[in-house]
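Read the structure below first, then the notes.
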Amino acid sequence: DADIFGPSMPKMFQVEDARPYAEQIDGRDLIIPIEKYGIKLLSIGFFVDPDQATLWRGGMASNALKQLIGDANWGELDYFILDTPPGTSDIHLTLVQTLAITGAVIVSTPQQVALADARNDKLNVPILGLIENMSWFTPAELPENKYYLFGREGAKQLAEDMNVPLLGQIPIVQSICENGDKGTPAALDETTITGRAFLELAENVVKQTEKRNAEQAPTHIVELKT
């Protein structure tokens, strides 16, 4: 959870009361991540009071993020996923100057003002694809109906303009919000429409990651564009 100022992962995984501890491994004190649903988690939310706003200067936030990444015993991982805050900030700059980022997945809503933010490419990280969130609203009583509250297929058009894949379209469904608040992600149930949407999205991210690794140079810490 790379959102230092608004960490949400502890709540979304129902582990708000968890408190990671450190173990000495090979002469280093390393944080042991919390594990839930087969995913290893670390978030600044485990170390701060959730009822208090985190008021840190950029350097403090960057150092905290570096500790979560570099001073943890992650072990063997299939993927290392960093959930970043919106926009481009010190957090993003810290990441690309600390880690060799394989690629970025951009999440946007369909309206034009959100798409303008999604176009930022100054970090010089390969884009694996776009995700369109809040694509349409479907009421439970009219499951065949789609209402495009924020415009229609804006992120799909942006993906075509940028020549990158549209990895998935996630509809506005009340249960997604409710499950996120309860810590039982909608992605857990693959029998529902929303569960299948997240499963398809995950499969597309894996496919594009493998394609990127096969066709592009190995990852490295990037140099920022000026």
Side-chain angles (χ1 to χ4, degrees), residues 1-9 12 39 43 61-62 65 69 78-137 148-173 176-177 180 185-187 194 196-226:
D1 186 354
D3 193 343
I4 298 296
F5 300 103
S8 57
M9 200 172 288
M12 295 187 73
I39 298 174
S43 168
S62 295
L65 182 58
I69 295 170
D78 297 306
Y79 296 90
F80 189 69
I81 300 171
L82 297 134
D83 181 25
T84 62
T88 304
S89 66
D90 287 343
I91 296 301
H92 302 80
L93 300 179
T94 297
L95 289 178
V96 299
Q97 292 176 91
T98 303
L99 293 172
I101 305 293
T102 299
V105 174
I106 299 175
V107 182
S108 181
T109 49
Q111 67 265 45
Q112 292 300 315
V113 66
L115 296 172
D117 291 337
R119 291 179 182 273
N120 191 322
D121 64 347
K122 296 296 184 183
L123 294 182
N124 197 26
V125 172
I127 297 175
L128 300 177
L130 268 66
I131 300 170
E132 186 176 78
N133 197 19
M134 303 183 184
S135 294
W136 60 77
F137 169 67
Y148 297 90
L149 304 181
F150 301 111
R152 185 164 183 164
E153 297 189 334
K156 181 179 181 181
Q157 183 59 54
L158 177 60
E160 292 175 1
D161 293 345
M162 297 175 65
N163 195 31
V164 297
L166 180 68
L167 300 171
Q169 292 175 295
I170 306 299
I172 300 175
V173 179
I176 294 177
C177 177
T194 53
R196 288 196 298 270
F198 283 110
L199 177 62
E200 180 180 347
L201 167 59
E203 290 172 343
N204 287 337
V205 171
V206 169
K207 185 186 304 180
Q208 289 304 314
T209 301
E210 293 175 347
K211 183 174 185 291
R212 175 259 180 273
N213 287 336
E215 297 178 356
Q216 299 187 41
T219 58
H220 60 279
I221 296 175
V222 303
E223 296 179 6
L224 299 183
K225 293 181 181 180
T226 57

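Count residues from 1 along the sequence. Note that these values count all heavy atoms, side chains included, but never hydrogens, waters or copies made by symmetry. If you're wondering where the values come from, they're calculated on a predicted model, not measured in any experiment.
- Going from atom CD1 of Ile81 over to atom CG of Asp1 covers 12.5 Å, rounded to the nearest 0.5 Å.
- Side-chain contact between Gln208 and Leu167 is present, with at least one heavy-atom pair separated by less than 4.5 Å.
- Under the 4.5 Å side-chain criterion, counting only non-hydrogen atoms from C-beta, Gln169 is in contact with Trp136.
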Exercise for the section: Give the intermediate values and the outcome of side chain to side chain contact (heavy atoms under 4.5 Å, CB included) for residues Thr102 and Asn213. Expected result: CA-CA 8 Å; Thr102 299; Asn213 287 336; 3.5 Å; yes
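- Ile131 has its side chain out of reach of Ile106: every pair of non-hydrogen atoms, C-beta onward, lies at least 4.5 Å apart.
- Distance check, rounded to the nearest 0.5 Å: CG of Leu149 to OG1 of Thr109 gives 11.5 Å.
- Two residues are said to be in side-chain contact when any heavy atoms from C-beta on lie closer than 4.5 Å; Pro85 and His92 meet this criterion.
- Between the side chain of Arg212 and the backbone N or O of Ala217 there is at least one donor-acceptor pair closer than 3.5 Å.
- Between atom CD of residue Glu160 and atom CD of residue Gln157 there is a gap of 5.0 Å, rounded to the nearest 0.5 Å.
- In this structure, the side chains of Phe137 and Val173 stay at 4.5 Å or more apart for every pair of heavy atoms.
- The distance from the CZ atom of Arg152 to the OG atom of Ser135 is 11.0 Å, given to the nearest 0.5 Å.
- Considering every non-hydrogen atom in both Ile127 and Met162, the closest pair reads CD1-CE, 3.4 Å.
- A donor-acceptor pair under 3.5 Å is absent between the side-chain atoms of Glu132 and the main chain of Val107, judged by distance alone.
- Looking at heavy atoms from C-beta onward, Met134 lies out of side-chain contact with Ile170 at the 4.5 angstrom threshold.
- Side-chain contact between Phe80 and Ile69: present, with at least one pair of heavy atoms (C-beta onward) separated by less than 4.5 Å.
- Rounded to the nearest 0.5 angstrom, Leu99 CG and Thr94 OG1 are separated by 10.0 Å.
- Under the side-chain contact (heavy atoms from CB on, under 4.5 Å) test applied with Lys207, the options Asn204, Val205, Thr209 reduce to a single match, Asn204.
- With rounding to the nearest 0.5 angstrom, the CG atom of Leu93 is 10.0 Å from the OG1 atom of Thr98.
- Counting heavy-atom neighbours within 6.0 Å of Met9 CE, excluding the residue itself, gives a total above 12.
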Exercise for the section: Kindly indicate, with the supporting measurements, whether the criterion salt bridge (charged side-chain N to carboxylate O under 4.0 Å, His left out) is fulfilled by Lys211 and Glu215. Expected result: CA-CA 6 Å; Lys211 183 174 185 291; Glu215 297 178 356; 3.1 Å; yes
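- Between Leu95 and Leu65, the closest side-chain pair of non-hydrogen atoms falls below 4.5 Å.
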